[in-house]
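Remarks on the structure that follows.
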Amino acid sequence: MFTACPRLVDPLLEELEVDPNGYWGPYLVLHDKLVDEQVRQERVSAEALLVKARSLFEQRFGHMSPKERDVVLAAITSKPMITMGREAPVKCPACGSQGWMAGGVEAIHIYVDGQVAVDPEEVLLSPQRFHCAAFELEVGTKLLVHLSDLPRGVFLDAHPHDYIEDEPTADEVIYRGR
């Protein structure tokens with residue numbers, strides 16, 4: 001638990017434009033070691049999830065012929081079992097069958113005639129969860145970054161206005177003094 005605290009404070013320091021060296025002072029070395037330890041623990045947890053998932057996959061489907069297994073997996077994994085802003089199919093890092101990445105959608109900005117514009121045909125899915133129905137593997141945001149076989153984002157063929165509001169939020173209006 002204590003190792004997570006420095007990782008929570010660091011973004012605040014950046015947002016407040018406070019120099020981390022000055023804030024942590026002589027404890028900066030300890031801070032760095034705690035952050036490294038937290039990252040190591042998360043990597044071990046992610047790898048343990050994959051080992052457990054592979055073992056469970058083998059228990060459930062190892063006795064089937066490859067053809068039977070493909071048919072069963074296609075039926076089990078054809079629909080997302082998680083819902084958020086948007087879902088996209090991705091290859092499961094544990095078993096290779098189809099899993100589902102879910103998360104929020106962001107506009108993609110492109111240059112058109114020297115101007116920045118929103119891409120009218122594509123959006124970016126920012127992953128927040130992954131699920132594989134073959135053996136109920138579910139991974140949240142904290143461990144997703146440690147599963148290197150999963151994409152950091154998924155480009156989707158979709159109109160951005162279907163997911164992203166054109167109107168500024170109330171906070172933006174207040175902040176900008178409109």
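Only heavy atoms go into these numbers, but all of them, side chains included; no hydrogens, no water, no symmetry mates. Remember, it's a predicted structure, so these values are computed and weren't measured experimentally.
Residues Cys95 and Cys132 have side chains in contact (heavy-atom distance under 4.5 Å, counting atoms from C-beta outward). Taking the side chain as every heavy atom from C-beta outward, His109 and Val118 approach each other to under 4.5 Å. Residues Leu143 and Ser45 form a side-chain contact, since some pair of their non-hydrogen atoms from C-beta on lies under 4.5 Å apart. Considering only heavy atoms from C-beta on, Val90 comes within 4.5 Å of Val154 through its side chain.
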side-chain contact (heavy atoms from CB on, under 4.5 Å) assessment of Leu150 paired with Met101: CA-CA 9 Å; Leu150 291 175; Met101 189 76 75; 3.9 Å; yes
Glu138/Arg129 under side-chain contact (heavy atoms from CB on, under 4.5 Å): CA gap, chis, key distance, verdict: CA-CA 7 Å; Glu138 187 148 341; Arg129 289 175 54 201; 2.2 Å; yes
Intermediate values then yes/no, side-chain contact (heavy atoms from CB on, under 4.5 Å), Val123 and Phe155: CA-CA 6 Å; Val123 293; Phe155 291 100; over 6 Å; no
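The side-chain hydrogen bond (donor to acceptor under 3.5 Å, both in side chains) check on Ser55 picks up nothing, with sequence neighbours excluded. With sequence neighbours excluded, no residue forms a salt bridge (Lys or Arg N to Asp or Glu O under 4.0 Å) with Glu121. Qualifying side chain to side chain contact (heavy atoms under 4.5 Å, CB included) partners for Val29, counting only residues two or more places apart in sequence or in other chains: Lys33. In this structure, the ring-ring contact (aromatic ring centres under 6.0 Å, His included) partners of Trp24, at least two apart in sequence or on a different chain, are His31. Shown here are the side-chain hydrogen bond (donor to acceptor under 3.5 Å, both in side chains) partners of Arg43, two or more places apart in sequence or in another chain: there are none. Val112 meets the side chain to side chain contact (heavy atoms under 4.5 Å, CB included) test with Ile110, Ala117; sequence neighbours excluded. Residues meeting the side chain to side chain contact (heavy atoms under 4.5 Å, CB included) test with Glu47, sequence neighbours left out: Leu50, Val51, Arg54. Asn21 is linked by a side chain to side chain contact (heavy atoms under 4.5 Å, CB included) to Asp19, Leu28, counting only residues two or more places apart in sequence or in another chain. For Glu58, there are no side-chain hydrogen bond (donor to acceptor under 3.5 Å, both in side chains) partners at least two apart in sequence or on another chain.
Grouping Ile, Leu, Val, Met, Phe, Trp and Tyr residues whose side-chain heavy atoms lie under 4.5 Å apart, directly or via other members, places Val116 in a hydrophobic cluster with Tyr111.
A pairwise comparison of heavy atoms in Leu125 and Arg86 identifies CD1-O, 3.4 Å as the closest pair.
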Show the atom names and distances, to 0.1 Å, of all donor-acceptor pairs under 3.5 Å that link a side chain in residues 62-74 to residues at least two apart or in another chain.
unit_1: Ser65; atom_1: OG; unit_2: Glu68; atom_2: N; d: 3.2
unit_1: Ser65; atom_1: OG; unit_2: Glu68; atom_2: OE1; d: 3.4
unit_1: Glu68; atom_1: OE1; unit_2: Ser65; atom_2: N; d: 3.1
unit_1: Arg69; atom_1: NH1; unit_2: Phe61; atom_2: O; d: 3.2

